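Comments concern the structure below.
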Amino acid sequence: QEWQNPFATWDPQDFCNISEIILPMDTYWSPPIFILERVNGQNPELNYMVLMHNGSFNSTRPFQVTLTCSLIILKFPFDTQMCNLSIASFLYPVTDFVMKTRRTPAEMMKASQSFFLTDGEWKFTNLSIIEYTEIMDDKGFSVVTYVISMKRRPTLYILNLILPTCALYLLDMAVLFGPSSLEEKINFQIAIILGSSMLAVILNNSLPTSSNKPPIIGTY
């Protein structure tokens, strides 16, 4: 966060060339902001800010939060999800408090990719920024929304679920029309049904449940 306070300025030559100082957050006014989609998280312990001689404040506070996001898993595991991270302050109307992003979406995208160090299930694909005014009780409030796009890596699900399922059903058809005796076919069909049931249990535990429409892989 960066903001200006014209009442907190001084001439460095009058104070041993000191051009900046570090102060606690409660020393001066600081912008009160909230993450609208936040459901849980840890508040930062770094409650300090840097004050420059020209009245410029700078505060860097790392947050670790859990956000709520509406998922569309119809194409699971080949799905791409878009989640919003909205930052707002409903204590001051837009006539008194306006938030602006300092970096462009391309710069934020590059910086975010450098911090995204884990090679997990999701791949960070895009980041866009929307600045708008939210109207509440006939008052406008400044809101900045980061739209985060992430794509699921499907390799694990293909190897563990899709390929074994397809192999089982192809084997089932091959045995059904094969030259084996009826007793052998029945025994093998029972084995395939048991294997399919186990895969169905694994699939049910792996599929996301936070969607109104079930994924195609679960339907078929």
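Small disclaimer: the values here were computed from a predicted structure and weren't measured. Side chains included, hydrogens not; waters and symmetry mates left out as well; all remaining heavy atoms used.
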Any chance you could lay out the side chain to side chain contact (heavy atoms under 4.5 Å, CB included) test for I148 and M150, step after step, and finish with the verdict?
CA-CA 7 Å; I148 304 168; M150 304 187 75; 3.9 Å; yes
Under the criterion side chain to side chain contact (heavy atoms under 4.5 Å, CB included), I'd like the reasoning laid out for V65 against N40: C-alpha separation, chi angles, the key distance, then a yes or no.
CA-CA 6 Å; V65 297; N40 195 4; over 6 Å; no
Just checking, any donor-acceptor pair under 3.5 angstrom between side chains of S30 and Q1?
no
To the nearest 0.5 Å, tell me how far I22 CD1 sits from T27 OG1.
12.0 Å
Considering only heavy atoms from C-beta outward, does the side chain of F124 approach that of K151 to under 4.5 Å?
no
Got T145 and I129 here, is their nearest side-chain heavy-atom distance under 4.5 Å?
no
Backbone of M52 reached by a side-chain donor or acceptor of S56 within 3.5 Å:
no
Less than 3.5 Å apart, which donor and acceptor atoms pair up between the side chains of residues 94-105 and the rest of the protein, not counting sequence neighbours?
unit_1	atom_1	unit_2	atom_2	d
T101	OG1	E131	OE2	2.9
R102	NH1	E2	OE2	2.4
T104	OG1	E107	N	3.3

Applying the side-chain contact (heavy atoms from CB on, under 4.5 Å) criterion to L67, which one of V39, N84, L36, L85 satisfies it?
L85
Nearest heavy-atom neighbours spanning P154 and P77:
CB-O, 3.3 Å
Treating W10 as the side-chain partner and I18 as the backbone partner, does any N or O pair qualify as donor plus acceptor under 3.5 Å?
yes
Using modelled atom types and a 3.5 Å cut-off, is there a donor and acceptor pairing between side-chain atoms of R153 and backbone atoms of W122?
yes
When the ring centroid of F7 is compared with that of Y28, is the distance short of 6.0 Å?
no
Do T133 and V143 touch side chain to side chain, with heavy atoms closer than 4.5 Å?
no
State, yes or no, whether a side-chain contact exists between S149 and T125 at a heavy-atom distance under 4.5 Å.
yes
After noting the C-alpha distance and the side-chain angles of F63 and R38, does the key distance pass the side chain to side chain contact (heavy atoms under 4.5 Å, CB included) rule?
CA-CA 11 Å; F63 283 89; R38 175 175 176 172; 4.0 Å; yes
Within this structure, what is the OG-OH distance for the pair S86 and Y146, rounded to the nearest 0.5 Å?
10.5 Å
CE of M49 to CZ of F57, rounded to nearest 0.5 Å, is 5.0 Å
Using side-chain heavy atoms (C-beta onward) and a distance below 4.5 Å, is F78 in contact with I158?
yes
For D79 and L74: C-alpha separation, side-chain torsions, deciding distance, then whether side chain to side chain contact (heavy atoms under 4.5 Å, CB included) applies.
CA-CA 7 Å; D79 54 330; L74 184 63; over 6 Å; no
Close side-chain approach of I73 and Q81, heavy atoms under 4.5 Å:
yes
When rounded to the nearest 0.5 angstrom, what is the spacing between CG in N17 and CZ in F15?
12.0 Å
Would you call V144 and Y132 a side-chain contact if the rule is heavy atoms closer than 4.5 Å?
no
State plainly whether one hydrophobic cluster holds both M25 and I21, where clusters connect Ile, Leu, Val, Met, Phe, Trp and Tyr through side-chain heavy atoms under 4.5 angstrom apart.
yes
Sequence-distant partners of Y48, ring-ring contact (aromatic ring centres under 6.0 Å, His included), two or more places apart:
none
Provide the closest heavy-atom pair for L127 versus M109 in the form atom of the first, atom of the second, distance.
N-SD, 3.6 Å
Considering all heavy atoms of both residues, which atom of P32 and which atom of S89 are nearest to each other, and what is their separation?
O-OG, 2.5 Å
Side-chain contact test, heavy atoms from C-beta onward, threshold under 4.5 Å: evaluate it for F76 versus Y157 and give yes or no.
yes
Grab the two heavy atoms, one from N47 and one from R61, that are nearest each other, plus how far apart they are.
OD1-NH2, 2.8 Å
